[in-house]
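Being a predicted model, the structure only gives us computed values, none of them experimental. Reminder, nothing fancy here: chain letters follow the sequence lines and each chain counts from 1.
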Number of protein chains: 2
Amino acid sequence: MLATETVENYLKAIYLLQREAAADEAPMGKIAAALGVTAGTATSMVKKLVAAKLARHERFGGVRLTAKGTRAALDILRRHRLVETFLVDTLGLDWSVVHDEAERLEHAISPMVLDALDRHLGRPAFDPHGDPIPRADGALQESEAMPMSELGSGDAARLVRVLDQRGDSLRFLRASGLKVGATLRVVAIEPGAGVMRIRPDGGSIVSMSTTAAARVLVRPTRDRH
Amino acid sequence: MLATETVENYLKAIYLLQREAAADEAPMGKIAAALGVTAGTATSMVKKLVAAKLARHERFGGVRLTAKGTRAALDILRRHRLVETFLVDTLGLDWSVVHDEAERLEHAISPMVLDALDRHLGRPAFDPHGDPIPRADGALQESEAMPMSELGSGDAARLVRVLDQRGDSLRFLRASGLKVGATLRVVAIEPGAGVMRIRPDGGSIVSMSTTAAARVLVRPTRDRH
DNA sequence: ACCTAGAGTTTGAGTCGTCAAACTCATGCG
DNA sequence: CGCATGAGTTTGACGACTCAAACTCTAGGT
Ligand SMILES: [Mn+2]
Ligand SMILES: [Mn+2]
Ligand SMILES: [Mn+2]
Ligand SMILES: [Mn+2]
């Protein structure tokens, strides 16, 4: 919209890297990797963001969005996640493919179409992966959740969000019956092997690495064993 | 998809200009005007299309798409018109605004999303303006229709297509009750003034210039006067 | 047959986003 | 401390797309 498609992609990437970094700063290398460009390209692009007052950056330091940059990033994130929701809920596409589609469509959605889409979908608060959808005013409520890897043996929980957008991860989870909203129970943990065994309600037991499990967020349920 | 977004726009513009030109050739100046670009830019871009075997062109002559270029143009046209149909039928947007929206969205629709959209819409044959939607294999059936300007006084007809995509034209037609599928009758013609008076079924009489009426296509109905 | 107005082309230059490769900085290991 | 290594930056170049302005061709009217 206001910015070019490339700028929109940088803003979104920086926003997401900033959330996940401890220092609340996006490292230049990660930005470059997220966009599939060389570090030099990312450096020069960040300079333009700084010139446009969308980001702050000092030589050899991390990148941080300004309030204006954050607002723009949230707007793009809203478009991205509403499009994903549309592709799954209305068109019936699989949640493992919609991320890449939304990556392109997000740049072509005008405010008018966005609002019509939002209305058509019933103003959803979460996308198919459980990611919160920023509201039109930029408000964003993250859902309370913990990594599935932190559950103990025997614990029951509801799956509320999947952080990994990679297609093969999502296909594995869907095939295992682990979708957003599903309830599950930890049947065993093998700390030595770094593996936990999970039984989704109404499904059969699956094993996954604790690192993979850490990218799945759950909310523990009162345990009616 | 295969081509860049700019190339897609050129191909679609050339295709449409070729259809409407007597010589089945798109004049360079019209191409430039359609894309909002200088004539020099269009010339150099057409050279690239020729190099890519998408078009034929000799110096100072008109531009003609190759079979490959025509196929690509039909593919873009299909995306454009399906998107327009979606915006009107599913999202409820007005037919006067969807053209510009589709102009951007058409480039971001993958084959997978396109097919899901097509299925969701019930594989429509015509878009909201009555323009035929090319099929996935490139087949395109134009509907039989004549310009409304060629009707005689007293003639009854059904409106089947609107050629002018300009927002104000479409808003005028909608406000007058002249939408695709509506039946109407010519109540008077003023050749001197270049105006004809039309009564849409269930609406009140409106005047429009014969040049405007020439851009509205109708199919005469058996006249139960 | 000419000449000119309009249409089309060429040229030179600029912007945007990108890369490769040379370079600089920060730091933690020895 | 000193310096090697990895992270980040700079530079020069390029492809895609565009414009302005100079130039060239074509066709229609006299
Ligand atoms: Mn994107
Ligand atoms: Mn998502
Ligand atoms: Mn377009
Ligand atoms: Mn249309």
Peer 1: Can a side chain N or O of K48(A) be found less than 4.0 Å away from OP1 or OP2 on dG17(C)?
Peer 2: yes

Peer 1: Considering only distance and modelled atom types, tabulate donor-acceptor pairs under 3.5 Å from the side chains of residues 51-60 of chain B, sequence neighbours left out.
Peer 2:
| residue | atom | partner | partner atom | Å |
| --- | --- | --- | --- | --- |
| H57(B) | NE2 | G61(B) | O | 3.4 |

Peer 1: Counting only heavy atoms and a strict 4.0 angstrom limit, can you tell me which residues of residues 33-44 of chain A come near DNA chain C?
Peer 2: G36(A), V37(A), T38(A), T41(A), S44(A)

Peer 1: Given atom CD of E58(B) and atom P of dA7(C), what is their separation to the nearest angstrom?
Peer 2: 19 Å

Peer 1: Could you check whether R161(B) pairs with E142(B) (Lys NZ or Arg NE/NH1/NH2 to Asp/Glu carboxylate O, under 4.0 Å)?
Peer 2: yes

Peer 1: Please state how far atom CG in L49(A) lies from atom C1' in dG17(C), giving the value in whole angstrom units.
Peer 2: 12 Å

Peer 1: Send over the distance from H107(A) NE2 to dG17(C) P, rounded to a whole Å.
Peer 2: 12 Å

Peer 1: Between L217(A) and M148(A), is there a side-chain heavy-atom distance shorter than 4.5 Å?
Peer 2: no

Peer 1: So does H107(B) get a backbone contact from the side chain of R79(B), meaning a donor-acceptor N/O pair under 3.5 Å?
Peer 2: no

Peer 1: Nearest whole Å is fine: how far is dG17(C) P from E8(A) CD?
Peer 2: 11 Å

Peer 1: Please pick, from dG8(D), dT18(D), dC25(C), the nucleotide with the shortest atom-to-atom distance to any side-chain atom of T6(B).
Peer 2: dT18(D)

Peer 1: Report yes if a side-chain nitrogen or oxygen of Y10(B) is closer than 4.0 Å to either non-bridging phosphate oxygen (OP1 or OP2) of dT18(D); otherwise report no.
Peer 2: yes

Peer 1: From CD1 of I31(A) over to C1' of dA7(D), roughly how many Å is that when rounded to an integer?
Peer 2: 13 Å

Peer 1: Tell me: CE of M45(A) to P of dC16(C), nearest whole Å?
Peer 2: 9 Å

Peer 1: Could you check S209(B) against T211(B) for side-chain hydrogen bond (donor to acceptor under 3.5 Å, both in side chains), going step by step and ending with a plain yes or no?
Peer 2: CA-CA 5 Å; S209(B) 74; T211(B) 59; 3.0 Å; yes

Peer 1: When you check the phosphate oxygens OP1 and OP2 of dT9(C), does a side-chain N or O of H57(B) lie under 4.0 Å from one of them?
Peer 2: yes

Peer 1: Take the protein atom NZ of K30(B) and the nucleotide atom P of dG8(C), then report the distance between them rounded to whole Å.
Peer 2: 10 Å

Peer 1: For the pair made of CZ in F60(B) and C1' in dG8(C), what is the distance, rounded to whole Å?
Peer 2: 5 Å

Peer 1: Could you tell me whether R174(A) atom CZ has more than 12 heavy atoms of other residues or ligands within 6.0 Å of it?
Peer 2: yes

Peer 1: On DNA chain C, check which nucleotide each of E5(A) and R59(A) is closest to and give me the residue with the more 5' one.
Peer 2: E5(A)

Peer 1: If you compare every side-chain N and O of K47(B) against the phosphate oxygens of dT9(C) (OP1, OP2), does one of them come in below 4.0 Å?
Peer 2: no

Peer 1: In a table with atom names and distances, give each donor-acceptor pair under 3.5 Å that connects a side chain of residues 123-130 of chain A to protein atoms at least two apart or in another chain.
Peer 2:
| residue | atom | partner | partner atom | Å |
| --- | --- | --- | --- | --- |
| R123(A) | NH1 | D115(A) | OD1 | 3.2 |
| R123(A) | NH1 | D118(A) | OD2 | 2.7 |
| D127(A) | OD1 | H129(A) | N | 2.7 |
| D127(A) | OD1 | G130(A) | N | 3.1 |
| D127(A) | OD1 | D131(A) | N | 3.0 |
| H129(A) | ND1 | E84(A) | OE1 | 3.1 |
| H129(A) | ND1 | Q165(A) | OE1 | 3.4 |
| H129(A) | NE2 | W95(A) | O | 3.1 |

